[in-house]
2 protein chains.
Amino acid sequence: MRKSVSGVLATLEHVGGFASAQELYQLMHRDGAKIGLTTVYRSLQTLVEGNLVDILRREDGEAIYRLCGENHHHHLVCKSCGKTVEIEGGAIEKWAKTIASENGFRDVGHTAELFGTCANC
Amino acid sequence: MRKSVSGVLATLEHVGGFASAQELYQLMHRDGAKIGLTTVYRSLQTLVEGNLVDILRREDGEAIYRLCGENHHHHLVCKSCGKTVEIEGGAIEKWAKTIASENGFRDVGHTAELFGTCANC
DNA sequence: GTGAAAATGACAATCATTTTCATTTCTGTT
DNA sequence: AACAGAAATGAAAATGATTGTCATTTTCAC
């Protein structure tokens, strides 16, 4: 398990943001890669285990992956029309660090999403 | 759509915390209710639309539901052993409100989870 | 070159959720 | 009470992401 893993990693770098396993599979095929869907899933698993990639969830439950260490942001999503605003999470980062050290945890990551109704809806 | 909705709501109150649709279905059956799984899903949908219930996701992607307005907290989870600490989210609440008003959103809810490695692992 | 071990991919299996559709219950009206 | 039409229900099938299986291919050390 090596060529496939680096291929998936490269594709993830290329897209720059989030991508689901299925999307990565399609992207790699579009670029002529001969990788199976099963292997995409396995590679992502490997990357997650190796702490190179974070996994989170779309609202519909589909898993999406992103490179760790990528300067990440959060989202404010309108429940009604789906409008999405990217937001800074400086306060969250600090909060996460504080809570982590208070509880003796290390390597702490986080997810945080806001959802409500936008001005137009 | 009425009797079933209130039944699901009552069950959700009874469990007090999170529950998935499947869990609610089983619980209600154990108590002798004659409700179908489909109707549990439909009732939950109604409750979510009516802002009575929040929906979030377990790590495996399964949807879990909780009563809105319940004094809610967040979690700090150890990726290695699963140890979970309930944490206060005062800072998050403020942050969410600020961001929401800056962007003209109303009725804004949020999810926030921390995950890392605990002292023992 | 050989053989064991790891990696791969096609396909089937699983599991939560949604859709479909026929049946039952509820509603108001006569 | 009887009736028609609407809404609600639930069993079973459909869907879609993810995981498991297993035979085949590739890799690597010798």
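Letters A, B, ... mirror the listed sequences (proteins, then strands); counts begin at 1.
- Shown here are the side chain to side chain contact (heavy atoms under 4.5 Å, CB included) partners of Ile99(B), two or more places apart in sequence or in another chain: Leu76(A), Ile87(A), Leu114(A), Trp95(B), Glu102(B), Asn103(B).
- The shortest heavy-atom contact between Ile35(B) and Tyr25(B) is O-CE1, 3.3 Å.
- Pairs of residues two or more places apart, or lying in two chains, never qualify as ring pair (Phe, Tyr, Trp, His ring centres under 6.0 Å) while including a residue from residues 30-49 of chain B.
- At a cut-off of 3.5 angstrom, counting only N and O atoms as typed in the model, there is a donor on one side and an acceptor on the other between the side-chain of Arg42(B) and the base of dG10(D).
- Residues satisfying the salt bridge (charged side-chain N to carboxylate O under 4.0 Å, His left out) test with Arg58(B), not counting sequence neighbours, are Glu23(B), Glu62(B).
- A distance-only check finds a donor-acceptor pair linking the side chain of Arg57(A) to the backbone of Glu59(B) [under 3.5 Å].
- Rounded to a whole Å, the CG atom of Leu24(B) is 15 Å from the P atom of dG10(D).
- Taking the side chain to side chain contact (heavy atoms under 4.5 Å, CB included) definition, one finds that Tyr65(A) meets it with Leu12(A), Ala21(A), Leu44(A), Val48(A), Val53(A), Ile55(A), Ala63(A), sequence neighbours left out.
- Side-chain rings of His110(A) and His74(A) approach one another, their centers coming within less than 6.0 Å.
- Taking every heavy atom of residues 26-35 of chain B and every atom of DNA chain C, no pair lies under 4.0 Å.
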Derivation and outcome, side chain to side chain contact (heavy atoms under 4.5 Å, CB included), residues Val108(B) and Thr117(A): CA-CA 7 Å; Val108(B) 171; Thr117(A) 309; over 6 Å; no

Would you tabulate the pairs of protein nitrogen or oxygen atoms and nucleotide nitrogen or oxygen atoms of nucleotides 16-19 of chain D closer than 3.5 angstrom?
unit_1  : atom_1 : unit_2   : atom_2 : d
dT18(D) : OP1    : Ala63(A) : N      : 2.8
dT18(D) : OP2    : Tyr41(A) : OH     : 2.6
dT18(D) : O5'    : Tyr41(A) : OH     : 3.3

